[in-house]
Amino acid sequence: MSVHEHYMARALQLAERGIFTTDPNPRVGCVLVKDGQTIGEGYHLRAGEPHAEVYALLDAGQQSKDADCYVTLEPCSHIGRTGPCADALINAGVKRVFIAMRDPNPLVSGTGIKKLKNAGIEVSVGLLQQQAEKLNLGFCQRMRGGRPYVRSKIAMSVDGRTAMSSGESQWITGSDARQDVQKLRARSSAILTGIGTVLADNPALTVRPEGDWYPDIQAVRQPLRVVVDSQLQIAEQAKIFQDEGDVLIVSTVVDKQSVKAEVITLPAKSQQVDLHALMTVLAEREINDVLVEAGSVLNGALLQENLIDELIIYMAPKLMGDSAKGLFYLPELQMMAQNIDLSISDIRAVGNDWRITATPNYSENK
């Protein structure tokens with residue numbers, strides 16, 4: 001690892017500290033270096049609060065002049081909730097700026113870099129870019145593709161079952177896996193489920209952190225909870241309405257004020273909610289990352305529409321039998337050539353269970 005990579009890796013470590021709290025903003029870290037010594041560090045914690053560069057400059061104080069700056073995302077050049085970070089770096093007199101990745105927002109991409117260069121600052125872009133992109137998959141996809149990044153979390157037995165034929169599913173996995181899911185919820189902008197899951201399990205779908213992994217237990221950010229309920233079957237007594245946090249009901253019928261929550265009506269596709277239209281709506285609401293916690297019907301529909309970007313599968317050392325329910329409701333496949341290939345990027349033990357992270361290879365299945 002080069003010296004430059006070392007400092008950018010540290011900036012990425014700092015950026016990751018905001019993984020549960022920056023939404024809808026990206027996670028960004030910054031390190032200031034002078035004469036081979038770190039003189040300032042900072043990271044973005046919450047929307048509306050100072051950005052990483054500002055905190056790093058405050059940490060460095062008067063030493064910032066002629067320093068090198070390592071930042072994981074292109075410094076902003078526009079006035080939003082805070083002032084332009086590019087201007088702050090220019091005013092501080094930094095000498096060089098190393099940027100991991102350009103801002104993916106097409107309206108501002110490159111403008112911060114241009115401003116720094118016009119001020120006579122040497123700028124280098126692309127240092128540990130892949131790692132920086134990975135830290136902000138949802139933000140990047142929303143800015144570039146107009147939809148959130150979708151992860152589907154599924155708990156299953158070794159024989160690939162998610163619930164008994166009766167619908168009973170609590171609990172397939174152990175407590176360690178369930179606490180790991182809390183971290184997935186906490187890093188997500190929204191949690192998406194279907195009416196079938198609400199009726200069968202009556203979940204709250206809230207973040208309930210235990211331990212010290214959440215930065216501020218007194219100010220837990222609750223993701224938006226989204227229920228796909230084509231015919232508005234949800235009851236006012238559902239547990240999802242009893243806890244703190246916003247709930248969005250998505251239907252194909254006109255809201256008749258049957259529930260005390262926001263209800264939006266979207267076009268129907270095969271008598272169900274058009275899931276592509278739903279993703280567009282969520283992106284417009286600055287939703288970066290969606291965590292799907294649903295049954296086989298909604299998961300199967302999302303998979304058929306090529307809308308699941310990542311699968312997080314918790315596999316428990318259990319056998320549940322042929323009559324138990326499977327992972328995805330999909331049309332019958334007649335030939336091996338029709339199967340859906342997955343690229344597995346990670347397998348690790350979580351307590352007594354295994355967590356498998358995989359990506360569907362849609363292009364290979366067309």
Side-chain angles (χ1 to χ4, degrees), residues 1-23 25-78 80-104 108-137 139-140 187 212-216:
M1 179 182 289
S2 70
V3 171
H4 296 310
E5 289 174 332
H6 168 78
Y7 290 122
M8 187 62 79
R10 175 57 181 165
L12 287 165
Q13 285 181 334
L14 293 168
E16 195 167 7
R17 293 182 182 179
I19 198 165
F20 303 124
T21 55
T22 65
D23 202 79
N25 289 358
R27 298 109 185 189
V28 183
C30 181
V31 175
L32 293 173
V33 178
K34 188 173 183 180
D35 299 327
Q37 300 293 323
T38 298
I39 59 171
E41 293 186 339
Y43 63 94
H44 184 47
L45 183 60
R46 290 185 182 86
E49 296 184 7
H51 291 182
E53 299 93 321
V54 173
Y55 279 127
L57 290 169
L58 287 172
D59 191 30
Q62 298 300 317
Q63 301 179 78
S64 300
K65 183 172 174 56
D66 293 329
D68 289 337
C69 172
Y70 296 83
V71 63
T72 60
L73 181 70
E74 176 183 354
C76 61
S77 59
H78 60 286
R81 298 185 188 181
T82 61
C85 291
D87 289 353
L89 293 172
I90 293 167
N91 294 335
V94 301
K95 181 173 62 176
R96 296 187 296 181
V97 178
F98 296 87
I99 300 167
M101 60 175 287
R102 285 176 176 262
D103 191 325
V108 299
S109 180
T111 58
I113 294 169
K114 183 179 180 180
K115 181 173 280 192
L116 292 171
K117 287 182 175 179
N118 288 343
I121 295 173
E122 182 181 336
V123 179
S124 176
V125 183
L127 185 63
L128 300 188
Q129 178 176 331
Q130 185 175 359
Q131 292 89 325
E133 293 260 358
K134 187 176 181 180
L135 193 60
N136 288 299
L137 289 171
F139 179 78
C140 292
R187 68 178 293 177
D212 58 0
W213 56 266
Y214 200 93
D216 184 357

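Atom set for the values below is all heavy atoms of this structure, side chains included, hydrogens, waters and symmetry mates excluded.
A 4.5 Å side-chain heavy-atom check between D216 and R46 finds at least one atom pair inside the cut-off.
Listed by chain and number, the residues in a side chain to side chain contact (heavy atoms under 4.5 Å, CB included) with D66 amount to none (sequence neighbours excluded). Remark: Q13 pairs with R10 by the side-chain hydrogen bond (donor to acceptor under 3.5 Å, both in side chains) rule, at least two apart or across chains. The side-chain hydrogen bond (donor to acceptor under 3.5 Å, both in side chains) test applied to Q131 returns no partner, not counting sequence neighbours. A search for side chain to side chain contact (heavy atoms under 4.5 Å, CB included) contacts involving P215 returns F20, T21, not counting sequence neighbours. Residues meeting the side-chain hydrogen bond (donor to acceptor under 3.5 Å, both in side chains) test with D68, sequence neighbours left out: R96. Legend: residues meeting ring pair (Phe, Tyr, Trp, His ring centres under 6.0 Å) with Y55, ordered by chain and number and at least two apart, are absent. Shown here are the side-chain hydrogen bond (donor to acceptor under 3.5 Å, both in side chains) partners of H4, two or more places apart in sequence or in another chain: Y70. For T38, the side chain to side chain contact (heavy atoms under 4.5 Å, CB included) criterion is met by Y7, V31, V33, E41, not counting sequence neighbours. In this view, A9 and M1, L128 satisfy the side chain to side chain contact (heavy atoms under 4.5 Å, CB included) rule, not counting sequence neighbours.
Within the structure, no pair that satisfies the salt bridge (Lys or Arg N to Asp or Glu O under 4.0 Å) test touches residues 51-60, not counting sequence neighbours. Among residues at least two apart or in separate chains, side-chain hydrogen bond (donor to acceptor under 3.5 Å, both in side chains) pairs with a member in residues 86-95 are D87-K115.
The two residues A67 and I39 come nearest to each other via the heavy atoms CB-CD1, 3.9 Å.
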